[in-house]
J.: 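Mind looking over this structure? Questions follow.
Lettering follows sequence order; numbering is per chain, from 1.
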Amino acid sequence: MNESRTEHAATVTIPEPGAFRFAENLSYLSRSSNECMYQIRQNTVRKALACDQETAVVEVSEDEYQHIAIRFLGNSPPSARMRAYAEAYVRDWLDLNTDISSFYELAENDELLRDVVPRFYGLRVIGIPDLFEAVCWGIIGQQINLAFAYTLKRRFVEAFGQAVPYEGDSYWLFPSPETTAGLSVQDLAPLQMSGRKSEYLIHVATLIAEGRLTKEMLLASSGCKQAEQLLTAIRGIGPWTANYVLMRCLRFADAFPIDDVGLHNAIKLLLHQEAKPTKAALQRLARRWQGWEAYATFYLWRTLY
DNA sequence: TCCCAGGCCTCGG
DNA sequence: CCGAGGCATGGG
């Protein structure tokens with residue numbers, strides 16, 4: 001064995017659930033070369049994590065026994081807290097705790113999913129475990145093309161986030177709500193962020209920094225609809241952003257961004273139609289996805305890359 | 001130049 | 001409740 005210099009038993013392994021393929025998920029993670037929150041290299045993904053004041057860079061890969069391996073890079077061994085945090089983070093990120101077999105069963109009888117699901121077998125809804133990051137990504141992505149959204153996110157992260165260095169590269173931690181709450185619209189203008197979006201970001205940062213919006217609060221809702229109402233009451237968060245966040249961060253399987261233009265385009269292309277589906281057509285399609293709207297949406301999005 | 005992007009808010013009917 | 005207009009900018 002050719003061991004590297006990190007000798008502090010700093011690997012956590014997680015058995016993969018059924019209907020999971022690491023490569024398929026890595027393929028989704030690779031969709032933008034402009035992504036700044038992690039780096040793909042060969043068959044692994046590297047990312048900075050922070051737990052309390054402690055930071056780490058981890059490399060997530062798949063070992064030969066169908067386990068996910070989280071290896072801590074760097075010379076200082078992670079604390080027990082950090083190890084536990086990293087495992088929970090990766091479980092959430094890659095959705096390792098969800099049994100999706102009933103989604104796959106449902107897909108077999110669906111005119112759209114019947115063909116799509118086998119193409120991307122083992123793909124999970126990739127999460128954005130941090131609430132502030134998820135809301136920001138939603139707001140940033142409103143109304144602009146995805147390429148520009150990635151650019152805006154990168155500028156925001158590199159201007160106000162924290163770099164964790166490893167082997168000459170910077171692994172970025174997302175800007176904190178506290179830092180963002182202290183910014184002004186003028187601070188964000190040089191990033192080419194619109195004034196309106198800057199207001200939204202700063203406002204939601206303030207809510208989260210003050211503890212007036214938390215994941216616990218949303219998870220304690222009676223259901224997806226009530227959680228959606230909590231979110232859409234916030235300026236800058238409409239139905240699309242709310243459902244996007246509920247899907248990617250809170251992991252409501254029935255979250256459904258029905259207004260999403262990407263979803264509309266995916267359906268149009270798959271059905272070889274001239275026009276995008278009407279709202280009524282979308283509702284009709286989604287009736288069969290009940291309880292799994294988020295997964296259905298994510299798989300349909302996947303067809304676009 | 002024009003239109004579309006992983007929308008949302010405001011305002012007038 | 002519903003539709004139109006404005007927002008800012010990049011990319012095809």
J.: Step through the shown structure and confirm whether more than 12 heavy atoms of other residues, nucleotides or ligands are within 6.0 Å of CZ on A:Arg119.
T.: yes
J.: Could you check how far CZ of A:Arg196 sits from C1' of C:dC7, rounded to whole Å?
T.: 6 Å
J.: Check whether any side-chain nitrogen or oxygen of A:Lys276 sits under 4.0 Å from OP1 or OP2 of B:dA5, and answer yes or no.
T.: yes
J.: Rounded off to whole Å, could you give me the OH-to-P distance for the A:Tyr200 and C:dG6 pair?
T.: 16 Å
J.: Applying side chain to side chain donor-acceptor pair (under 3.5 Å), which residue pairs with at least one partner in residues 181-196 of chain A are found, sequence neighbours left out?
T.: A:Ser184-A:Gln186, A:Ser184-A:Asp187
J.: Taking only residues at least two apart or on different chains, which pairs with a member in residues 217-238 of chain A satisfy salt bridge (Lys or Arg N to Asp or Glu O under 4.0 Å)?
T.: A:Glu199-A:Arg235, A:Lys225-A:Glu228
J.: If you find the nucleotide of DNA chain B closest to A:Gly236 and the one closest to A:Arg248, which residue's nucleotide is nearer the 5' end?
T.: A:Arg248
J.: With a 4.0 Å cut-off on heavy atoms, is A:Pro257 in touch with a base, just the backbone sugar-phosphate, or nothing at all?
T.: nothing
J.: Rounding to a whole Å, what distance do you find between A:Lys197:NZ and C:dA8:P?
T.: 10 Å
J.: Expressed as a whole number of angstroms, how long is the span from A:His203:NE2 to B:dC9:C1'?
T.: 14 Å
J.: Is there a side-chain contact between A:Arg235 and the phosphate of B:dT10, meaning an N or O under 4.0 Å from OP1 or OP2?
T.: yes
J.: Could you walk me through whether A:Tyr28 and A:Phe298 pass the ring-ring contact (aromatic ring centres under 6.0 Å, His included) check?
T.: CA-CA 10 Å; A:Tyr28 172 84; A:Phe298 202 76; 4.7 Å; yes
J.: Taking CE from A:Met193 and P from C:dC7, how many angstroms apart are they, rounded to a whole number?
T.: 18 Å
J.: Identify whether any heavy atom of A:Ile237 sits under 4.0 Å from a base atom; if not, whether one sits that close to sugar-phosphate; answer base, sugar-phosphate or nothing.
T.: sugar-phosphate
J.: Give me the distance, rounded to whole Å, that separates B:dC11 from C:dA8 when you measure between the P atoms they each carry.
T.: 15 Å
J.: Of the options B:dG7, B:dC9, C:dT9, whose atoms approach the side-chain atoms of A:Gln192 most closely?
T.: C:dT9
J.: With C1' as the reference atom in both, quote the distance from B:dA5 to C:dC2 in angstrom, rounded to an integer.
T.: 24 Å
J.: Taking the side chain as every heavy atom from C-beta outward, state whether A:Thr151 and A:Arg154 have any atom pair closer than 4.5 Å.
T.: no
J.: Contact class for A:Leu300 (heavy atom, under 4.0 Å): base, sugar-phosphate, or nothing?
T.: nothing
J.: In whole angstrom, what separates A:Leu152's CG from C:dT9's C1'?
T.: 8 Å
J.: Please determine if A:Glu111 and A:Arg288 form a salt bridge, counting it only when a charged side-chain N lies under 4.0 Å from a carboxylate O.
T.: yes
J.: Looking at A:Thr241, I'd like to know whether one of its side-chain N or O atoms comes within less than 4.0 Å of OP1 or OP2 on B:dC8.
T.: yes
J.: If we ignore angles and hydrogens, is there a donor and acceptor under 3.5 Å between the side chains of A:Asn97 and A:Arg91?
T.: yes
J.: Which whole-number value in Å describes the distance from A:Asp259 CG to B:dA5 P?
T.: 14 Å
J.: Return the value, rounded to whole Å, for the distance between atom CD of A:Glu228 and atom C1' of B:dC8.
T.: 14 Å
J.: Are A:Phe160 and A:Trp172 near enough that their ring centres are under 6.0 Å apart?
T.: no
J.: Let's see if you get this right: which residues in residues 129-149 of chain A place a heavy atom under 4.0 Å from DNA chain C?
T.: A:Gln143, A:Ile144, A:Asn145, A:Phe148
